[in-house]
2 protein chains.
Amino acid sequence: MPLNSDPIGFAHHDHASCVTDAVASVEARCIAAGLQFTPVRKRVFEILLEEHRALGAYEILDRLRDEGLGSQPPVAYRALDFLTKHDFVHKIERLNAFIACAHPHEVHTPAFLICRDCNAVAEAETNLTQGRLAQIASATGFIIERAILEAEGLCPNCIPKSEPA
Amino acid sequence: MPLNSDPIGFAHHDHASCVTDAVASVEARCIAAGLQFTPVRKRVFEILLEEHRALGAYEILDRLRDEGLGSQPPVAYRALDFLTKHDFVHKIERLNAFIACAHPHEVHTPAFLICRDCNAVAEAETNLTQGRLAQIASATGFIIERAILEAEGLCPNCIPKSEPA
DNA sequence: TGATATATGTCATAATATAACATATCAACC
DNA sequence: GGTTGATATGTTATATTATGACATATATCA
Ligand SMILES: [Zn+2]
Ligand SMILES: [Zn+2]
Ligand SMILES: [Zn+2]
Ligand SMILES: [Zn+2]
């Protein structure tokens, strides 16, 4: 299974400034909201940005341990709890893994496209108040607070490999 | 957290014949498709139907063990693999749990409404080829093979409790 | 019947996640 | 600046979810 190391929306990008930009953006939002963007939280966010792919909590913990920032699972899980709670990072339920938000501006409803071949994950924005799910909920009398939208399949880079001409 | 023991779409129903009907339906489909609906697979399906809620693999395994049908995790996971592969049962990724399909007829794309208060899960049918996710995939050149659609929130039965008049 | 695929029993372990509690740091107020 | 309550971290232990591996049994079909 080949690894796609740089997939935002499955297309390669510059990546030079995107890590520092995202960190600065989140730093500002934390200050504005009175949240503590502590060293561990910041480093976990940076690790996820640098990889631009979904990482398991224990992969992240390994990195933290190497860097002397914490060696026990709760350290990683607490940082991830904070980051996901504020939508700086999203959990991909299908993979039990985490990925930095690709829209580092405000609260939103992400949807993910997960490639089963290269494991790349692309994030798109959707709207909770529109769409089939909202219709169903409305008809049922259910109040949606959060939605998990994850599609599995083949990304544009991996389709050729799977469809031998 | 109160338990809703009988929620199909959050509404109570007769339940008298629904277990036997669903079992008979799946049994017929297995014969038609040349699949082996073995005792363990059948019993796991029945357990999920009887409960009408999402059960973890180890809850199911406990039941199997009590009944002398198997005591080791692979027994439960293999049966669940079979049942989910053929869409007789669905996995709720958010809960790491399994629920009997509420539409025991053919291949479909389920969407789930998960109540955070009573843990009831309702299944609705959606269409993979319509909707926002399909638009996004089409625009991206991504081929969706399977979609996970899970909404969390409050079911009609639990909204009153959470909104003190 | 014999060959092959499919399913089960079982032991062991991997992978993911949280409980609990002591200590440290921060934020706000006096 | 020191007190205090809230928030965050360090650490040990354990819970929960899931799979690998391999022997045995059962089903399917020529
Ligand atoms: Zn996002
Ligand atoms: Zn791919
Ligand atoms: Zn279904
Ligand atoms: Zn409810």
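- Between A:Phe88 and A:Phe82, the two ring planes are tilted [angle within 30° to 60°].
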Practice prompt. Check the pair B:Leu83, B:Val44 against side chain to side chain contact (heavy atoms under 4.5 Å, CB included), reporting the backbone distance first and the verdict last.
Written response: CA-CA 9 Å; B:Leu83 294 167; B:Val44 169; 3.6 Å; yes
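- The interatomic distance linking B:Asp62 (CG) with D:dT16 (C1') rounds to 12 Å, in whole Å.
- Residues B:His90 and B:His108 bring a donor and an acceptor atom of their side chains to less than 3.5 Å of each other.
- One atom, CZ of B:Arg41, and another, C1' of D:dT26, lie 12 Å apart when rounded to the nearest Å.
- The pair A:Glu152-A:Arg116 does not count as a salt bridge, with every side-chain nitrogen at least 4.0 angstrom from each carboxylate oxygen.
- For the pair B:Gln36 and A:Leu95, nearest-nucleotide mapping onto DNA chain C gives the more 5' position to B:Gln36.
- For B:Thr38 and D:dT26, the shortest distance from a side-chain N or O to OP1 or OP2 is not below 4.0 Å.
- A:Thr84 places a side-chain N or O within donor-acceptor distance of the main-chain N or O of A:Leu80, the cut-off being under 3.5 Å.
- Within the structure, the salt bridge (Lys or Arg N to Asp or Glu O under 4.0 Å) test picks out the following pairs touching residues 56-65 of chain B (sequence neighbours left out): B:Glu50-B:Arg63, B:Glu51-B:Arg63, B:Arg53-B:Glu59, B:Asp62-B:Arg65.
- Atom NZ in A:Lys42 sits roughly 17 Å away from atom P in D:dA8 (whole-Å rounding).
- Between its opening and closing five pairs, the helix from C:dT1-D:dA30 to C:dC30-D:dG1 changes axis direction by 30°, a value rounded to 10 degrees.
- Side-chain N or O atoms of B:Glu150 include none that pairs as donor or acceptor with a backbone N or O of B:Ile114 at under 3.5 Å.
- Across the protein-nucleic acid pair, B:Ile92 atom CD1 and D:dT16 atom C1' stand 18 Å apart, rounded to whole Å.
- Checking the phosphate oxygens (OP1, OP2) of C:dA15, no side-chain nitrogen or oxygen of A:Asn96 falls inside 4.0 Å.
- At whole-Å resolution of the value, CZ in A:Arg94 and C1' in D:dT17 are 14 Å apart.
- In this structure, CZ of A:Phe37 is placed 12 Å from P of D:dT9, rounded to the nearest angstrom.
- One atom, CG of B:Leu61, and another, C1' of C:dT8, lie 14 Å apart when rounded to the nearest Å.
- Here C:dT8 presents its P atom at 15 Å from CZ of B:Arg43, a figure rounded to the nearest Å.
- Residue B:Tyr58 and nucleotide D:dT16 are not classified as a stacked aromatic pair, given the requirement of ring centres less than 5.5 Å apart at an interplanar angle below 30°.
- Although no hydrogens or angles enter the test, the distance criterion places a donor-acceptor pair under 3.5 Å between the side chain of A:Glu123 and the main chain of A:Ala102.
- A donor-acceptor contact shorter than 3.5 Å is absent between the side chain of B:Asn96 and the backbone of B:Gly56.
- Contact check of residues 68-86 of chain B against DNA chain D (heavy atom, cut-off under 4.0 Å) returns B:Pro73, B:Pro74, B:Tyr77, B:Arg78.
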